[in-house]
There are 2 protein chains.
Amino acid sequence: MPKSRDAASDTALKLSNQLCFAVYSTALAFNAVYKPLLERLGLTYPQYLAMLALWEQDDVPVKEIGRLLHLDSGTLTPLLKRLETAGLVTRTRHREDERQVRITLTAAGRALREQAKAVPLGIFEACGLSTPTLLKLKDELITLRERLDAAAP
Amino acid sequence: MPKSRDAASDTALKLSNQLCFAVYSTALAFNAVYKPLLERLGLTYPQYLAMLALWEQDDVPVKEIGRLLHLDSGTLTPLLKRLETAGLVTRTRHREDERQVRITLTAAGRALREQAKAVPLGIFEACGLSTPTLLKLKDELITLRERLDAAAP
DNA sequence: AATAATTATTTTGTGAACAATTTAATTGCG
DNA sequence: CGCAATTAAATTGTTCACAAAATAATTATT
């Protein structure tokens, strides 16, 4: 009975499409929740991620931010220039290796951290799920992402 | 001991940041896996989503595609114009309600479905996880997305 | 019936995201 | 040493994603 076997594998295969769409649309939904919270800080979500990275470790090369955020320089260069224009970071060629551009927080960039402390609570409340549930979901997504990264060309 | 209480809530709050980043970066990783598979079809991932919707139900207004994909017309109008330029769909004002633009598959658009059948297997393999795991993850993400949608302004 | 309110789509402007190419600096190797 | 290979950023061009405003058609209201 090839018909039923096809139907079963069809269902299994459709699932990967559905999972990807679930991830895609959840990412958009997260962005919609972050947007009003971050608007007060004058940041977009990717800019917020870059600031989070810099609040953890300051004076890092573009490459390192890219490694942390899984983004390439083609995305980060203009993003970091916008943060520079906003007066939150400085971009300077590294003396010891002129290929690198080091990103450093300004006083305003460091000061923004205080205001940003209000953001996670807003997100947590919007998720409306228990801490253990969120933790498990996060770990499973990271596992999935690692598999996808490994499979990518 | 306010210090330990702060530390505990801090950890819980950081989690929502981490979960969002997990969703965000997994969406990018999925896209990287889809890209070479969809390139053969001449589609991007959002275009593929639109085609999937049309293969399920043809001759629908832009609004309906937006409802299914959680995208607004500002995103869809240019995307659908590109599909039209590629010869996969036609865009025509609806006679009964001239506000609507109905999207209809061309013969080439319908024919592309055959080639697209190879895509889900590639994705499934790249996920590298069992069907039950993927199913559970998908359902949890949809629950999360619904909560986020409800919380969004 | 005239007009106000609503609805569907398009347009405009901003900011990602990434492939591919370019530029410039450093490292490696014969 | 000298030149090839590598590395880090920046640039260019295409495609999302969405807010806000504009356009045009339909429906509701007085």
Side-chain angles (χ1 to χ4, degrees), chain A residues 21 24-36 38-39 41-51 60-67 69-86 89 91-103 149 152-153, chain B residues 21 24-36 38-39 41-51 60-67 69-86 89 91-103 149 152-153:
Chain A
F21 178 67
Y24 166 80
S25 55
T26 303
L28 297 184
F30 256 125
N31 199 49
V33 173
Y34 267 103
K35 185 160 286 185
L38 294 179
E39 221 150 53
L41 312 186
L43 297 175
T44 64
Y45 180 66
Q47 290 170 5
Y48 172 67
L49 289 179
M51 293 302 289
V60 288
V62 174
K63 190 81 181 177
E64 171 65 5
I65 298 177
R67 195 185 60 75
L69 307 191
H70 296 72
L71 295 173
D72 68 8
S73 67
T75 300
L76 286 173
T77 295
L79 185 153
L80 294 168
K81 281 184 178 175
R82 281 176 211 117
L83 292 181
E84 187 182 39
T85 302
V89 306
R91 301 163 58 252
T92 48
R93 288 275 163 193
H94 194 48
R95 269 165 215 73
E96 292 171 29
D97 184 345
E98 290 275 345
R99 290 173 303 182
Q100 291 183 16
V101 169
R102 304 289 273 232
I103 309 300
D149 283 343
Chain B
F21 178 68
Y24 166 80
S25 55
T26 303
L28 297 184
F30 256 125
N31 200 48
V33 173
Y34 268 102
K35 187 161 285 187
L38 293 179
E39 221 150 51
L41 312 186
L43 297 176
T44 64
Y45 180 66
Q47 288 169 4
Y48 172 67
L49 290 179
M51 293 302 289
V60 288
V62 174
K63 188 83 179 175
E64 171 66 4
I65 297 178
R67 195 185 61 75
L69 308 191
H70 296 72
L71 295 173
D72 67 9
S73 65
T75 300
L76 288 173
T77 295
L79 185 153
L80 294 168
K81 280 184 179 175
R82 281 176 213 115
L83 291 181
E84 186 181 41
T85 302
V89 306
R91 301 163 58 251
T92 48
R93 289 274 164 193
H94 194 50
R95 270 165 214 75
E96 294 171 26
D97 183 346
E98 290 276 343
R99 291 171 303 181
Q100 291 184 17
V101 169
R102 304 290 273 233
I103 308 300
D149 283 343

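Only this structure's heavy atoms are used, side chains among them; waters, hydrogens and symmetry mates stay out. Lettering of chains follows the sequences in order, A, B, ..., and the numbering in each one begins at 1. Everything numeric here is computed off the predicted structure, so don't read it as measured data.
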Before giving the answer on salt bridge (Lys or Arg N to Asp or Glu O under 4.0 Å), spell out for B:Glu84 and B:Lys81 the whole-Å C-alpha distance, their side-chain angles and the decisive distance to 0.1 Å.
CA-CA 5 Å; B:Glu84 186 181 41; B:Lys81 280 184 179 175; over 6 Å; no

Under 4.0 Å from OP1 or OP2 of D:dA10: is there any side-chain N or O of A:Arg91 that close?
yes

Tell me if a side-chain donor or acceptor on A:Arg91 pairs with a main-chain N or O of A:Arg102 at a distance below 3.5 Å.
no

For B:Thr75, is there any backbone N or O sitting under 3.5 Å from a side-chain donor or acceptor partner on B:Asp72?
yes

Does B:Thr44 put a side-chain nitrogen or oxygen below 4.0 Å from OP1 or OP2 of D:dT15?
no

In whole Å, I'd like the distance from the CG atom of A:Leu38 to the P atom of C:dG15.
14 Å

If you compare every side-chain N and O of A:Lys35 against the phosphate oxygens of C:dA16 (OP1, OP2), does one of them come in below 4.0 Å?
no

Nearest-Å distance, CG (B:Leu79) to C1' (D:dT15)?
9 Å

Phosphate contact (D:dA8 OP1 or OP2) by A:Arg102 side-chain N/O below 4.0 Å
no

Round to a whole Å and report the spacing from CD of B:Glu96 to P of C:dA8.
15 Å

Taking CG from A:Leu83 and C1' from C:dG15, how many angstroms apart are they, rounded to a whole number?
12 Å

Distance check needed: D:dA19 C1' versus B:Asp72 CG, whole Å only.
8 Å

Within the modelled atom types, does a donor on one side and an acceptor on the other bring the side chain of A:Ser73 and the base of D:dA8 under 3.5 Å apart?
no

Below the 4.0 Å mark, does C:dA16 have OP1 or OP2 next to a side-chain nitrogen or oxygen of A:Arg82?
yes

May I ask you to say what B:Pro61 touches in the nucleic acid, namely base, sugar-phosphate or nothing, with a heavy-atom cut-off under 4.0 Å?
sugar-phosphate

Between D:dC16 atom C1' and B:Tyr48 atom OH, what is the distance in whole Å?
18 Å

For C:dT11 and B:Lys81 - does any side-chain N or O of the residue sit under 4.0 Å from the phosphate oxygens OP1/OP2?
yes

Under 4.0 angstrom between B:Gln47 side-chain N/O and D:dC16 OP1 or OP2:
yes

Mind running side chain to side chain contact (heavy atoms under 4.5 Å, CB included) on A:Val89 and A:Met51 for me, showing each step along the way?
CA-CA 9 Å; A:Val89 306; A:Met51 293 302 289; 4.2 Å; yes

Report yes if at least one side-chain N or O of B:Tyr24 is closer than 4.0 Å to OP1 or OP2 of C:dA17; otherwise report no.
yes

Measure CG/A:Leu76 against P/C:dC18 and give the value in whole Å, please.
10 Å

Start at the 5' end of DNA chain C and walk down; is the nucleotide closest to A:Leu71 or to A:Asp97 reached first?
A:Leu71

